[in-house]
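Take a look at the structure set out below.
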Amino acid sequence: MGTFLNNLGLFYALLGASLAVLMSGMGSAIGVGTAGQAASGVMTEDPTKFAKVLIMQLLPGTQGLYGLLIGFVTLSKIGIIGSGVVEMTALQGLEILAACLPIAIVGLVSGKYQGKTSAASIGIVAKRPDQFAKAMLFPAMVETYAILALLISFLAVSGIKL
C-alpha cells in the first residue's frame, strides 16, 4: 500500500494522459462513424463525390489526434517517454490530470457533434457539390472549440512545475 501511495502522483498523471487519449478518441470514433454513414449513402448514388465526402468524414478525426498529442506531451513531461519517471506529489499528479481534462471532455463532445455537422454537410455536397467550400465551414466551426481545448491542455500541462 505504501508503494501505491508513494506513486499516487504518477497514477493521477497517467490517468490524465489516458483520459485525454481515450475520451477524445471516442469522440472522433463516434463522429467519423456518423459522417461515414452519411458518406456511404452519398457514394451509393454518386461515386464521383468520393473525395469530397471523404474529406468531410475525416474532419471529426482531429479530436483524437489532439488527445493523442496531449497524451504524448504528458508522458514526456512525467518521464515515461524519455529520461525516466519524474518524482511528483499527489497534488502535482492531480494538476496534470486537471490539465488533461479540457481536451478529454471537449474532444469527446466536439467529435460527436462535428460528426453530426459533417453528416449534414455531406448532405449539402450530395445535392449541391458546387457548395463544398461553404459546407466545410459548418464542421470547421465545431473544430474551433476542440482547438481551444487543445491549446489550454497543452499550455496547462507544459506549465506545471515538477
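Here the structure is a predicted model, which is why all the values come from computation and not from measurement.
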Quiz item: With L94, which residues qualify under side-chain contact (heavy atoms from CB on, under 4.5 Å), at least two apart?
Solution: Y12, L97

Quiz prompt | S121 OG to Q114 CD distance, which is reported to the nearest 0.5 Å | solution = 9.5 Å

Quiz item: Taking a hydrophobic cluster as the set of Ile, Leu, Val, Met, Phe, Trp and Tyr residues connected by side-chain heavy atoms closer than 4.5 Å, whether directly or through intermediates, do L162 and I81 fall within one such cluster?
Solution: yes

Tabulate below the donor-acceptor pairs under 3.5 Å that side-chain atoms of residues 21-30 make, not counting sequence neighbours, or state none.
{"residue": "S24", "atom": "OG", "partner": "A20", "partner atom": "O", "Å": "2.5"}
{"residue": "S24", "atom": "OG", "partner": "Q63", "partner atom": "O", "Å": "3.4"}
{"residue": "S28", "atom": "OG", "partner": "P60", "partner atom": "O", "Å": "2.7"}
{"residue": "S28", "atom": "OG", "partner": "G61", "partner atom": "O", "Å": "3.3"}
{"residue": "S28", "atom": "OG", "partner": "Q63", "partner atom": "N", "Å": "3.4"}
{"residue": "S28", "atom": "OG", "partner": "G64", "partner atom": "N", "Å": "2.7"}

Self-check item: Hydrophobic cluster partners of Y113 (side-chain heavy atoms under 4.5 Å)
Solution: V109

Quiz prompt | side-chain contact (heavy atoms from CB on, under 4.5 Å) involving V85 - partner list, sequence neighbours excluded | solution = L10, I80

Quiz prompt | Q57 side-chain N/O to V32 backbone N/O, donor-acceptor pair under 3.5 Å | solution = yes

Quiz prompt | Distance in Å, I147 CD1 paired with I152 CD1, rounded so as to fall on 0.5 Å steps | solution = 13.0 Å

Quiz item: For the residue pair A13 and I78, what are the closest heavy atoms and their distance?
Solution: CB-CG2, 3.8 Å

Quiz item: Would L108 and L101 show up in the same hydrophobic cluster when neighbours are defined by side-chain heavy atoms closer than 4.5 Å?
Solution: yes

Practice problem: Go through the steps to decide whether L19 and C100 satisfy the test side chain to side chain contact (heavy atoms under 4.5 Å, CB included), and finish with yes or no. | Solution: CA-CA 7 Å; L19 288 174; C100 292; 5.9 Å; no

Exercise. Applying side chain to side chain contact (heavy atoms under 4.5 Å, CB included), run through T144 and V142 and close with a yes or a no.
Key: CA-CA 5 Å; T144 302; V142 181; over 6 Å; no

Practice problem: With sequence neighbours left out, write down each residue that passes side-chain contact (heavy atoms from CB on, under 4.5 Å) with S76, or none if nothing qualifies. | Solution: none

Quiz item: Should F154 and I103 be marked as a side chain to side chain contact (heavy atoms under 4.5 Å, CB included) after you check the CA-CA gap, both sets of side-chain angles, and the distance that decides it?
Solution: CA-CA 9 Å; F154 180 80; I103 194 57; over 6 Å; no

Quiz item: Applying side chain to side chain donor-acceptor pair (under 3.5 Å), which residue pairs with at least one partner in residues 127-138 are found, sequence neighbours left out?
Solution: Q131-K134

Quiz item: Of all residues at least two apart in sequence or in a different chain, which pass the side-chain contact (heavy atoms from CB on, under 4.5 Å) check with L91?
Solution: T89, E95

Practice problem: Name all residues meeting the side chain to side chain donor-acceptor pair (under 3.5 Å) criterion together with T74; count only those two or more places apart in sequence or in a different chain, and write none if there are none. | Solution: none

Quiz item: Are L75 and V86 connected, step by step, through hydrophobic side chains (Ile, Leu, Val, Met, Phe, Trp, Tyr) whose heavy atoms are closer than 4.5 Å?
Solution: yes

Exercise. Could you note down all residue pairs passing side chain to side chain donor-acceptor pair (under 3.5 Å) where residues 33-48 supplies at least one of them, sequence neighbours left out?
Key: D46-T48, D46-K49

Exercise. Would you mind listing every salt bridge (Lys or Arg N to Asp or Glu O under 4.0 Å) that reaches into residues 65-87, with sequence neighbours excluded?
Key: none

Quiz item: When Ile, Leu, Val, Met, Phe, Trp and Tyr are grouped by side-chain heavy atoms lying under 4.5 Å apart, directly or through other members, which residues fall in the same group as V42?
Solution: M43, F50, V53, L54, I55, M56, L58, L59, I122, V125, F132, M136

Quiz item: Given the rule that I, L, V, M, F, W and Y join up when any side-chain heavy atoms are under 4.5 Å apart, are V157 and F72 in one cluster?
Solution: no

Quiz item: Just checking, any donor-acceptor pair under 3.5 angstrom between side chains of E143 and Y66?
Solution: yes

Quiz item: Can you list every side chain to side chain donor-acceptor pair (under 3.5 Å) pair that touches residues 147-161, not counting sequence neighbours?
Solution: none

Quiz prompt | I70-L15 co-clustered via ILVMFWY side chain contacts under 4.5 Å | solution = no

Quiz item: Shortest non-hydrogen contact from Y145 to V106?
Solution: O-CG1, 3.5 Å

